[in-house]
Amino acid sequence: MRLVLLGPPGAGKGTQGSRLSARLGAPHVVVGDLLRSVSMSESPVRTTVEESLTRGELVPDTIVDDVVFDAISQKTGGFILDGYPRTREQAVRLDRTLSRFAAPVDAAVVFRIPDDEVQRRLLLRRRPDDTADAIRRRLEIHHRNELAVVDHYGGVVVELDARGHVDEVADRLLDALREAASTP
Ligand code: ADP
């Protein structure tokens, strides 16, 4: 199963992605975590990545593409991709990469949640890049790109109401995926 998780920061993609990964046996590829480890490594792009993370800006495509495509190319048994694509251009490049293996995305799960709930959750999380300014910037970037990304996945979009308790959302997600799998 090859899934991409779409939605604003703080929507619960990380939490649900890791549960789903345990459930489906497909690896959870967390792009933010991969980038955070680059920012703490000796990599020549370390400073560029660190600066983007701190400001809440997108990391330049050449860097993020390398990190993501390298991670998914090492996975057999599909993946649950969390944090990529965030722009239509990224989605197009992901398609192109997957088409080499004749392995398209099976479903794009769209986490729906209001901004005020997201802001509340992110401020509770206390990650170093969860400052009020960086959060505002990440939400702005998200809203600027979300329509085009969701549009790109057209027929394989699975909508998810991401409000409420973690268990409730997890159940809803499994139901939605089952329903999507049974509708041709
Ligand atoms: P959140 O979902 O809360 O924004 P993430 O851990 O997914 O948190 O991402 C943290 C940061 O990593 C983003 O603010 C951005 O700087 C960078 N990042 C993550 N995914 C991408 C991507 N697809 N393209 C460019 N930068 C990204």
Side-chain angles (χ1 to χ4, degrees), residues 2-21 27-41 43-73 75 79-98 105 108-153 160 162-163 166 169 173:
R2 288 172 299 275
L3 293 182
V4 295
L5 307 185
L6 309 177
K13 302 188 296 292
T15 310
Q16 298 300 336
S18 96
R19 286 197 173 204
L20 204 56
S21 164
H28 184 203
V29 177
V30 185
V31 179
D33 287 352
L34 295 172
L35 292 172
R36 276 184 287 279
S37 44
V38 173
S39 81
M40 288 182 295
S41 69
S43 158
V45 296
R46 187 190 84 86
T47 329
T48 312
V49 172
E50 194 182 5
E51 278 170 13
S52 306
L53 292 179
T54 309
R55 282 195 256 121
E57 299 290 339
L58 294 181
V59 169
D61 278 337
T62 46
I63 300 176
V64 80
D65 282 8
D66 266 4
V67 167
V68 171
F69 299 156
D70 184 52
I72 59 175
S73 71
K75 310 288 182 204
F79 53 76
I80 298 168
L81 188 52
D82 173 351
Y84 192 101
R86 290 190 190 234
T87 62
R88 200 188 75 86
E89 291 72 19
Q90 291 186 350
V92 169
R93 291 197 302 278
L94 177 62
D95 281 356
R96 205 181 299 142
T97 302
L98 294 176
V105 164
V109 181
V110 181
F111 285 61
R112 299 286 188 194
I113 186 156
D115 278 6
D116 54 353
E117 174 64 13
V118 152
Q119 264 151 341
R120 200 183 59 81
R121 289 186 186 182
L122 290 177
L123 288 169
L124 288 175
R125 192 163 76 174
R126 291 179 179 279
R127 212 171 62 191
D129 60 329
D130 288 338
T131 61
D133 279 351
I135 291 172
R136 206 173 308 118
R137 186 69 189 128
R138 272 145 62 202
L139 275 173
E140 221 173 86
I141 295 175
H142 169 73
H143 288 310
R144 197 202 298 148
N145 292 300
E146 68 172 326
L147 264 180
V149 178
V150 174
D151 240 38
H152 177 85
Y153 286 106
L160 177 70
R163 292 170 301 176
V166 173
V169 180
L173 175 53

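Whatever order the structure lists ligands and atoms in, that order sets their numbers, starting from 1. For the single chain, residues carry numbers from 1 onward in sequence order.
Short contacts between ligand 1 and Asp129, defined as distances under 4.0 Å to a heavy atom of the residue, involve ligand atoms 10 (C). Annotation for ligand 1: atoms under 4.0 Å from non-hydrogen atoms of Glu57 are 15 (C), 16 (O). Counting the atoms of ligand 1 from 1 in the order shown, those under 4.0 Å from a heavy atom of Lys13 are 2 (O). Close approach to Val31 involves these atoms of ligand 1, each under 4.0 Å from a residue heavy atom: 20 (N). For ligand 1, the atoms lying closer than 4.0 Å to a non-hydrogen atom of Gln90 are 22 (C), 23 (N), 24 (N), 25 (C). Contact atoms of ligand 1 toward Arg36: 6 (O), 10 (C) (distance under 4.0 Å to a heavy atom of the residue). Within the listing of ligand 1, atoms 20 (N), 21 (C), 22 (C), 23 (N) sit less than 4.0 angstrom from a heavy atom of Gly83. When each atom of ligand 1 is checked for a heavy atom of Leu53 under 4.0 Å away, the hits are 11 (C), 12 (O), 16 (O), 17 (C).
Remark: minimum distance from atom 1 (P) of ligand 1 to any protein heavy atom is reached at Pro9 CB, 3.4 Å. Here the protein heavy atom with the shortest distance to atom 21 (C) of ligand 1 is Arg86 NE, 3.4 Å.
Not a single heavy atom of Asp61 sits less than 4.0 Å from an atom of ligand 1. A heavy-atom separation below 4.0 Å is not found between Arg55 and ligand 1.
In terms of N/O distances under 3.5 Å, ligand 1 is approached by Arg138. Checking only distances, Pro8 never comes within under 3.5 Å of ligand 1, N or O to N or O. Between Val59 and ligand 1, at least one pair of N/O atoms sits closer than 3.5 Å. Some N or O of Arg125 is nearer than 3.5 Å to an N or O of ligand 1, by distance alone.
Salt bridge annotation for Arg55-Glu50: absent, with no cationic side-chain nitrogen under 4.0 angstrom from a carboxylate oxygen. A salt bridge does not link Glu140 to Arg136: none of the charged side-chain nitrogens sits closer than 4.0 Å to a carboxylate oxygen. Classification of Arg138 and Asp130 as a salt-bridged pair holds, one side-chain N sitting under 4.0 Å from a carboxylate O.
Contact of the Val109 side chain with the Leu173 side chain is registered, since non-hydrogen atoms from C-beta on lie closer than 4.5 Å. At a threshold of 4.5 Å between non-hydrogen side-chain atoms, the residues Arg86 and Leu58 count as touching.
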With side chain to side chain contact (heavy atoms under 4.5 Å, CB included) as the criterion, how do Leu20 and His28 come out once you've worked through the C-alpha distance, each side chain's angles and the decisive distance to 0.1 Å?
CA-CA 8 Å; Leu20 204 56; His28 184 203; over 6 Å; no
Could you give me the CA-CA distance, side-chain angles and deciding distance for Arg93 and Asp61, then say whether side chain to side chain contact (heavy atoms under 4.5 Å, CB included) is met?
CA-CA 10 Å; Arg93 291 197 302 278; Asp61 278 337; 3.0 Å; yes
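Val110 pairs with exactly one of Val150, Leu5, Leu160 by the side chain to side chain contact (heavy atoms under 4.5 Å, CB included) rule, that one being Val150.
Contacts between Leu58 and ligand 1, counted as non-hydrogen atom pairs separated by less than 4.0 Å, involve both the backbone and the side chain. Under 4.0 angstrom from ligand 1, the non-hydrogen atoms of Leu35 all belong to its side chain. Proximity of Asp130 to ligand 1, defined as any heavy-atom pair under 4.0 Å, is not found for any part of the residue. In Arg127, the part holding a heavy atom less than 4.0 Å from any atom of ligand 1 is the side chain.
Heavy atoms only, all atoms of each residue included: Ala162 and Arg121 are closest at O-NH2, 3.1 Å.
Under a cut-off of 6.0 angstrom, the local environment of CZ in Arg88 is sparse, with at most 12 non-hydrogen atoms contributed by other residues, nucleotides or ligands. The number of heavy-atom neighbours closer than 6.0 Å to CZ of Arg163, taken from other residues, nucleotides and ligands shown, is 12 or below.
With Asp70 contributing its side chain and Asp66 its backbone, the two residues share no donor-acceptor pair below 3.5 Å.
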